[in-house]
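Here's the structure, in structure tokens; my notes come after.
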Amino acid sequence: MSYEKLTLCSENKEVKFMGMLCEVNSILKLKPSQGYPESLELSKQYQGSKEDYRIIPVDVPIPLVNEHWVAYADVIIEKLVWEKGENRLSATYHDH
């Protein structure tokens, strides 16, 4: 088991806790190296990956943004796999 250290700013105390650090995202931000598509086609499935562990909504439309935070479309994540410190996902371009 691994323990992580967390410093509580308000009390300036260091606390050890056991578990997995996880980030919650409601926007999918991808760089080209992570699978950001050059072009989007309706109903086509795209693959992507993000480092670290993340909780991202599945089966609902969420904004897809590029590395500059520009949103071009909504996507629906259909599959999200956590493995070896990485998230792999499959998403489909969604038209309102």
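- Linking Ile, Leu, Val, Met, Phe, Trp and Tyr whenever their side-chain heavy atoms come within less than 4.5 Å leaves Leu40 and Trp69 in two separate clusters.
- When each of Asp74, Asn25, Ile27, Ile56 is tested with Ile62 by the rule side-chain contact (heavy atoms from CB on, under 4.5 Å), just one qualifies, namely Ile56.
- Remark: Tyr53 pairs with Trp82 by the ring pair (Phe, Tyr, Trp, His ring centres under 6.0 Å) rule, at least two apart or across chains.
- From Ser49, atom OG reaches atom CZ of Arg88 across 9.0 Å, with rounding to the nearest 0.5 Å.
- Using a 4.5 Å cut-off on side-chain heavy atoms (C-beta onward), Tyr36 and Tyr72 make contact.
- The side-chain heavy atoms of Leu30 and Leu64, taken from C-beta on, include a pair separated by under 4.5 Å.
- A donor-acceptor contact under 3.5 angstrom links the side chains of Ser90 and Gln47, judged on distance only.
- Shown here for Tyr46 and Ser39, the closest heavy-atom pair between the two residues is OH-O, 3.3 Å.
- Each salt bridge (Lys or Arg N to Asp or Glu O under 4.0 Å) pair with one or both residues in residues 44-64, not counting sequence neighbours, appears once here: Glu23-Arg54, Glu51-Arg54.
- Counting heavy atoms from C-beta outward, Leu28 and Val75 have side chains that approach closer than 4.5 Å.
- Under a hydrophobic clustering in which Ile, Leu, Val, Met, Phe, Trp and Tyr are joined whenever their side-chain heavy atoms come within less than 4.5 Å, directly or via other members, Val24 and Ile77 fall into the same cluster.
- Pairs of residues two or more places apart, or lying in two chains, never qualify as salt bridge (Lys or Arg N to Asp or Glu O under 4.0 Å) while including a residue from residues 27-43.
- How far CD1 of Ile76 is from CD of Gln45: 11.5 Å, rounded to the nearest 0.5 Å.
- The two atoms that bring Ser26 and Pro63 nearest to each other are O-CD, 3.7 Å, heavy atoms only.
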